[in-house]
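Report on the following structure.
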Amino acid sequence: MPKQVKKLLILGLLLSIILSLLACTVKTEDANNTATINDSQEIIITGLQDSDYRISVGELKKLPAVTQKAQATRANGESIKIKGTGPLLENILQQEGKSVKDYSSIRFTALDGYSISLPPDVFKNRSIILAYQINGKALELENQPIRVVIPGERAMYWVRMLHKIDLETGAEHSPVKKVVFLETAAKNLPQEDYEHFDSVDKAIKTKDLVDNYAGTDRVKNVFIKASDGLHKNETPSNFLTAYIKISGKEAPKFLAPHLPQGMHVRDVLCINYGKTCFWAYSQGIEVLPRQTLDGKSAMDLSELIKQTGLSRATKYQFSSLDGSSLELSVNEIGKGLIYESQGVLNFSCPEAADERLENLLSIECH
């Protein structure tokens, strides 16, 4: 082989080796940069100290960690199984002399705006892992900087891209003084066409609902309950910029274009906004024990009062969409029934001289 060809081959081989080494160096540096950026990212915790408490991912990694298996089902029915590694939220709070049991609500907020509040029965009885590893590997970009993992709970609580934890006190429900029936109230509000996936349904603005029927209430939290037992605690700002889809699949449904899909709530049973409870009869008749009136399925008023927590009063006022009303004593409503006939909600009370009211809008303590 000519010397010149050999030299060219050797030079080519050396060049190839150099390029490979450079490529490896760039890849390693990128990985190290990613790790450094990830470790320096901070999680903000409010309500733990007088000012915001900040803890970096790197600091979290230095704390005692647990590794637990977790399984949950997503809203689309997909089942997921993972193994999360990271410190427990409880251990972080204990370093500051606090515990999750000191709070009435814990809210997680992600970098993409996703936000969800844990009910007390969840965070007081479950392990909350701030995971920096899933299945023994560093988090993928879509999960960074931290992913919440709560074994035994719904996937909606497993917040990705965790950015902020709000520890709240005083987030308990206010005593309910008025129940407003969503189906009847919607008849008196502007309705819009709302495109959702492959259908166009009718929807009302949550702000219209509140302004018309609970406008004097000022709240810190809005509590939403679905017919499948899901409890959700929403901020007033998120709630008042959303919609309630009142027709079509999964109605009533809490949703908004600017809210991540995971923040939507389908088959809404009731919404507690301060002292007002918005109740969906269409879901209530499926959840509560049924009675029969004139051959029609009916909802027992006493069961509704128990479910909504409507305060005990000496008298209750039943109001209709047209402004007419009926006032009954607590002794007269014992066997009161609520039923639907041709799209209209009605109230009947056989023990009170068979009093009836059509287009039932609300029940209020007096």
Side-chain angles (χ1 to χ4, degrees), residues 43-48 70-78 80 82 84 86 88-90 92-93 100-101 103-131 134 139 142-173 206 219-245 250 252-273:
I43 307 301
I44 302 169
I45 305 178
T46 68
L48 183 58
Q71 181 175 352
T73 302
R74 291 195 173 109
N76 61 6
E78 179 188 356
I80 54 174
I82 65 171
L88 295 175
L89 176 60
E90 175 68 5
I92 296 171
L93 301 190
V100 293
K101 295 181 180 179
Y103 301 94
S104 56
S105 176
I106 296 178
R107 177 175 295 280
F108 296 125
T109 302
L111 289 168
D112 65 354
Y114 180 86
S115 171
I116 193 164
S117 181
L118 302 184
D121 64 323
V122 171
F123 64 77
K124 292 183 180 182
N125 296 291
R126 300 291 192 187
S127 296
I128 301 173
I129 303 170
L130 303 185
I134 297 296
L139 296 184
E142 63 181 16
N143 290 322
Q144 291 181 14
I146 288 294
R147 182 177 184 182
V148 176
V149 177
I150 309 178
E153 288 299 330
R154 300 168 186 253
M156 64 184 293
Y157 296 133
W158 299 8
V159 177
R160 302 169 184 265
M161 297 185 289
L162 181 64
H163 169 62
K164 189 177 180 184
I165 303 172
D166 292 302
L167 306 172
E168 303 174 352
T169 57
E172 296 87 355
H173 291 249
T206 50
V219 303
K220 291 183 178 180
N221 297 272
V222 182
F223 300 91
I224 305 173
K225 183 178 180 180
S227 59
D228 65 357
L230 169 68
H231 291 260
K232 196 167 189 296
N233 177 344
E234 194 51 83
T235 63
S237 58
N238 280 340
F239 181 78
L240 291 174
T241 54
Y243 291 81
I244 303 292
K245 189 169 75 74
E250 300 179 343
K253 186 170 186 176
F254 169 77
L255 74 180
H258 67 281
L259 294 179
Q261 178 67 24
M263 294 177 68
H264 297 178
V265 181
R266 60 183 177 87
D267 300 325
V268 171
L269 174 65
C270 59
I271 300 167
N272 281 45
Y273 190 95

H163: partners by side-chain hydrogen bond (donor to acceptor under 3.5 Å, both in side chains), with sequence neighbours left out: none
Heavy-atom closest contact (M263 atom, G113 atom, distance): SD-O, 3.9 Å
Gap separating the OG atom of S104 from the NZ atom of K124, nearest 0.5 angstrom: 7.5 Å
Within-4.5 Å side-chain heavy-atom neighbours: V148 and I165: no
Other residues, nucleotides, ligands: >12 heavy atoms within 6.0 Å of K164 NZ: no
Residue pair A70 / P151: nearest heavy atoms and the distance that separates them: CB-CA, 3.9 Å
Closest non-hydrogen atom pair between A110 and R160, with its separation: CB-O, 3.2 Å
Point-to-point distance, once rounded to the nearest 0.5 Å, from CD1 of I82 to CD1 of I80: 6.0 Å
Backbone N/O of N233 and side chain of R107: donor-acceptor pair under 3.5 Å: yes
E90 (side chain) donor-acceptor with I128 (main chain) under 3.5 angstrom: no
Donor-acceptor pair, side chain of H264 and main chain of A256, under 3.5 angstrom: yes
Residues in salt bridge (Lys or Arg N to Asp or Glu O under 4.0 Å) contact with D267, at least two apart in sequence or another chain: none
Check: residues 235-244 side-chain donor-acceptor pairs under 3.5 Å, at least two apart:
from, atom 1, to, atom 2, distance (Å)
T235, OG1, S237, OG, 3.3
T235, OG1, N238, N, 3.2
T235, OG1, N238, ND2, 3.2
N238, ND2, E234, OE2, 3.0
T241, OG1, S237, O, 2.9
T241, OG1, N238, O, 3.1
T241, OG1, H258, NE2, 3.1
Y243, OH, E192, OE1, 3.4

Where I134 and G84 come nearest, the two heavy atoms and their spacing: CD1-CA, 4.2 Å
Gap between atom NZ of K101 and atom CG of L93 - 0.5 Å precision: 12.5 Å
Between CG on residue L162 and CD1 on residue I43, distance to nearest 0.5 Å: 4.5 Å
Distance in Å, Y157 OH paired with I150 CD1, rounded so as to fall on 0.5 Å steps: 8.0 Å
Any donor-acceptor N/O pair, Y114 side chain to M156 backbone, under 3.5 Å: yes
Spacing of CG belonging to L88 relative to CD1 belonging to I129, to within rounding of 0.5 Å: 6.0 Å
Heavy-atom side-chain proximity of D166 to S115 below 4.5 angstrom: no
For L139 against I146, the heavy-atom pair lying closest together: CD1-CA, 3.7 Å
Under 3.5 Å: donor-acceptor pair, side chain of Y103, backbone of G47: yes
Note, L89 side chain near I106 side chain (heavy atom, < 4.5 Å): yes
Side-chain heavy-atom pair H231, D121 within 4.5 angstrom cut-off: no
